[in-house]
Amino acid sequence: MPSDIQPSDIQPSDIQPSDIQPSDTRSSDTRSGNTPGAGPIESVGRASGWALMVSELTVLFRRRRTWAMLLALAAVPVLIAVAVRLTSSPVAPGRGPPFLDRVTQNGLFVAITAMVVCIPLFLPLTIGVVAGDTIAGEAGLGTLRYLLVAPAGRVRLLVVKYAGAAVFCLAATLTIVVSGAAIGAALFPVGPVTLLSGDTIGVGESVLRSLLIAGYVTVSMLGLSAIGLFISTLTDVPVGAMAATIVVSVVSQVLDALPQLDWLHPWLFSHYWLDFADLLRQPIEWSSFGTNALLQGGYLLVFGALAYGRFVTKDILS
Amino acid sequence: MGRNLRTWLPVAVVPAVVIIGALTVPLQAGAAVDLPDKTPAQVLAMIGDSSVQALSGTIEQTSELGLPELPSAGTGSGSNAGTGASASASSALELLTGSHTARIYVDGPDNLRVQIMDRLAERDLVRNATDLWMYNSKDNTALHVALPDPVGMTGPSTDSAQQTPAQQTPAQLAERMLAAIDPSTAVSVGKDTRVAGRTAYELRLTPRTDETLVGEVSIAVDSETGMPLRVEVLARGQSAPAFSLAYSTLSLTAPDADRFEFTPPAGASVEEKALPDASALHEKMSDAAMPGIEDGKMPTTKAEAKALAEQFKSGGGMLPGVSVAGTGWASVVELPAGTVSADVLADPMLAQVTESVDGGRLLSSALINVLVTDDGRVFAGSVPSARLQAAAVGG
């Protein structure tokens with residue numbers, strides 16, 4: 001290990017070819033600015049943890065790939081809204097994706113329709129890419145060992161990487177909701193929203209419910225992110241980890257569709273993904289939110305522990 | 001190696017704890033309950049005395065009838081009945097055979113709301129003093145029935161309004177089951193249990209005959225209020241209930257008054273429907289159009305109760321010539337020739353859900369067998385298919 005390299009001066013992820021931009025120096029500035037002033041070891045650890053988090057997020061959201069994925073997600077509601085706007089014949093109720101027929105009456109439904117469309121494939125796809133890239137991406141670029149030279153340690157790196165993936169989940173769902181609401185408001189009238197129960201709520205409350213849905217879907221994706229993190233510790237090939245994570249999400253949904261496996265369904269991390277619609281009932285049915293959070297928490301614990309075991313005992317060669 | 005072991009130990013412990021927790025927490029909900037002993041008669045009396053006026057809760061229904069999966073919509077092709085009637089029949093069938101979760105709100109005899117929570121959709125039924133609304137979010141349609149003035153309203157109209165399958169609360173289903181208690185049935189009190197977080201007595205009804213498919217009917221009765229909390233029907237030789245209707249959450253406080261208000265949302269297509277005249281319905285019922293049902297007498301066997309319910313379901317249209325053979329659990333209901341027309345018999349849908357047997361086609365499920373003979377007669381009963389075939393040949 002080259003001892004003359006100061007860990008705090010190196011921002012390993014910055015070395016990625018696609019990311020070399022003048023402003024990249026800023027992230028390492030933040031980090032070195034935080035560390036020196038701290039006296040006790042404890043506060044050094046905490047400060048460097050936050051600095052690591054900040055630099056991880058900076059790298060993640062400065063990446064062109066991340067922006068491309070968020071743009072693709074934002075394009076889904078736009079596509080739906082434009083298609084509905086341009087067709088002359090009204091959408092018949094019960095045809096196409098759920099809620100599609102409501103779009104012409106109320107633009108706020110664009111976001112919800114887009115969410116239903118995105119949840120089975122597009123959203124797991126982007127999250128698979130981000131979560132699968134966490135450890136394997138650094139290993140593939142040969143930067144993992146430089147990251148581990150820092151006093152941060154492997155556990156902290158794992159936590160920071162997972163937190164980064166979780167933040168991306170939130171960003172992805174918020175992208176769909178915000179872009180859906182924006183294009184819906186631009187192309188269609190906005191007014192009171194009809195809930196599944198037939199009751200109507202005002203615009204203010206419907207915005208609140210949209211944000212709740214974003215929260216629900218974010219929580220829904222935490223289990224998949226944990227699985228992606230674990231798979232990412234298994235390999236040095238980021239593309240393999242991404243593909244495997246996406247395959248896992250597809251397999252889980254296929255199993256969920258087989259009636260012969262009834263007993264297994266409540267244990268599948270994708271089982272409650274579409275139950276965000278429970279937030280559109282009057283009164284809100286919170287039980288699925290709770291069950292879903294509990295299930296995702298279980299997946300997070302199990303696969304987090306597995307990732308920890310694998311990553312701590314792993315021989316880092318790259 | 002030692003370092004690896006020390007690292008992997010907590011790693012193995014975490015999933016183990018999670019899995020053990022996931023498996024044992026639901027079991028604790030069913031932990032042993034010990035209530036003061038009661039006789040079956042006392043438990044029955046508790047049900048009779050039950051005076052729960054207001055509640056809100058969640059009902060879970062599961063059916064393991066062993067029926068082939070039915071398409072939930074668009075089954076009206078090829079039948080001579082109006083598509084609307086056939087669609088509502090298939091929707092009623094779907095309600096009985098599928099698994100559902102519904103929220104129910106009750107406040108007094110006049111206010112009721114049932115919300116059947118489908119995936120990404122919901123079917124609502126709202127009843128208040130003056131209106132009955134049904135709303136389906138899937139196709140955004142609402143059905144409105146103006147109820148007669150509650151002051152002048154007589155009993156039968158409320159009864160007929162409550163016979164919609166969507167409205168079967170455990171209480172109503174239990175009453176129908178209890179109507180079947182006669183010497184043909186052994187009634188006992190089983191182990192005390194816990195349903196929806198409340199302690200409950202379990203009333204077990206076991207048919208005394210071997211000729212029926214029903215193995216046991218179990219009714220969990222709330223120890224505090226006497227309200228039925230769960231109804232399970234077990235098929236003979238099955239350990240899991242073939243049909244189960246149970247509260248999963250229950251609160252006995254009066255729900256928000258808003259629950260019983262309904263205005264159809266903008267853009268929904270609203271259909272107005274007149275209520276069938278209550279008094280005419282009542283007269284028709286007393287007409288003895290159906291042998292086996294005497295004037296004003298409550299149905300005494302399960303099959304009779306079922307047949308009566310069928311009549312209510314079909315909107316009060318009486319079918320002449322319905323007869324019941326056998327007694328108690330082993331009753332066989334016969335509908336006369338021509339009930340099922342030739343083109344329905346030729347419908348591929350029917351061929352898909354039934355199997356060909358001697359003399360007709362058989363729809364077989366864990367609890368009920370239905371035989372449609374080639375000449376259009378229908379035999380139904382909670383009996384093995386051989387008995388239906390024997391009845392068809394004998395009749």
Side-chain angles (χ1 to χ4, degrees), chain A residues 90 92-95 97-99 101-102 104-106 112-113 115-116 119 154-155 189 191-201 259 262 266-267 272-278 280-283 285 287-288 294-295 297-314, chain B residues 1 3-19 21-22 25-26 56 58 62 64 69 73-74 99 101 103 105 113 115 117-126 133-142 248-249 255-256 258-259 261-269:
Chain A
R95 301 285 303 277
F99 308 113
D101 57 304
R102 310 287 174 85
T104 45
Q105 295 155 22
N106 195 325
I112 296 165
T113 311
M115 199 61 101
V116 177
I119 280 179
R154 297 189 180 193
V155 179
V193 171
T194 305
L195 298 172
L196 290 176
S197 313
D199 305 73
T200 44
I201 52 171
D262 267 347
W267 305 102
Y272 299 101
W273 278 3
L274 284 177
D275 285 350
F276 74 82
D278 282 357
L280 292 174
R281 305 183 197 279
Q282 186 75 322
E285 177 64 38
S287 66
S288 60
L294 207 62
L295 181 76
Y299 269 92
L300 173 54
L301 279 181
V302 170
F303 283 94
L306 288 175
Y308 162 80
R310 166 69 187 159
F311 191 51
V312 168
T313 56
K314 191 181 184 182
Chain B
M1 281 317 277
R3 181 173 151 263
N4 272 0
L5 194 68
R6 271 203 305 281
T7 311
W8 279 102
L9 204 62
V11 171
V13 165
V14 170
V17 167
V18 168
I19 290 166
V25 168
S56 48
T58 312
T62 56
E64 302 274 342
E69 198 86 359
S99 294
T101 306
R103 293 190 293 190
Y105 303 91
R113 179 156 197 166
Q115 303 181 316
M117 301 197 285
D118 302 313
R119 175 158 276 199
L120 295 173
E122 185 170 304
R123 282 169 282 175
D124 269 54
L125 188 142
V126 190
W133 285 99
M134 287 186 221
Y135 177 74
N136 187 342
S137 82
K138 206 169 268 172
D139 46 12
N140 202 13
T141 54
S248 57
T249 62
D256 212 350
D258 292 356
R259 293 292 93 77
E261 296 296 323
F262 187 85
T263 16
S269 55

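Each chain gets a letter, A, B and so on, in the order its sequence line appears, and its residues count up from 1.
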What part of [X] is in contact with chain A, defined as an atom under 4.5 angstrom from a non-hydrogen atom: side chain, backbone, both or neither?
X	answer
B:Thr249	neither
B:Arg123	neither
B:Asp256	neither
B:Ala12	neither

So, does B:Ser137 use its side chain to make a donor-acceptor pair with the main chain of B:Glu122 at under 3.5 Å?
->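 It does hold such a pair.
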
Donor-acceptor pair, side chain of A:Asp101 and main chain of B:Asp139, under 3.5 angstrom | no

Any heavy-atom pair between the side chains of [Y] and [X] that's under 4.5 Å?
X	Y	answer
A:Leu196	A:Phe99	yes
B:Trp133	B:Asp124	no
B:Tyr135	B:Asn140	yes
A:Phe276	A:Val116	yes

Please determine, among A:Gly191, A:Ala305, A:Ala277, the option with the most heavy-atom pairs under 4.5 Å with chain B.
->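 Max contact count across the listed options: A:Ala305.
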
Which of the residues A:Thr104, A:Asn106, A:Thr200, A:Leu301 is involved in the greatest number of heavy-atom pairs with chain B at under 4.5 angstrom?
->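 Most heavy-atom pairs under 4.5 Å with chain B: A:Leu301.
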
Examine whether an atom of A:Pro283 lies under 4.5 Å from a heavy atom of chain B, and if so say whether it belongs to the side chain, the backbone or both; otherwise answer neither.
-> both

Please flag which part of A:Arg310 lies under 4.5 Å from any non-hydrogen atom of chain B: side chain, backbone, both or neither.
->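 The answer is both parts of A:Arg310.
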
Which pair of non-hydrogen atoms, one from A:Leu274 and one from B:Leu120, has the smallest distance, and what is that distance?
->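 Minimum heavy-atom separation between A:Leu274 and B:Leu120: O-CD2, 3.6 Å.
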
When B:Arg103, B:Arg119, B:Gln115 are compared by non-hydrogen pairs under 4.5 Å with chain A, the top option |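 Of the candidates given, the most pairs with chain A belong to B:Arg103.
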
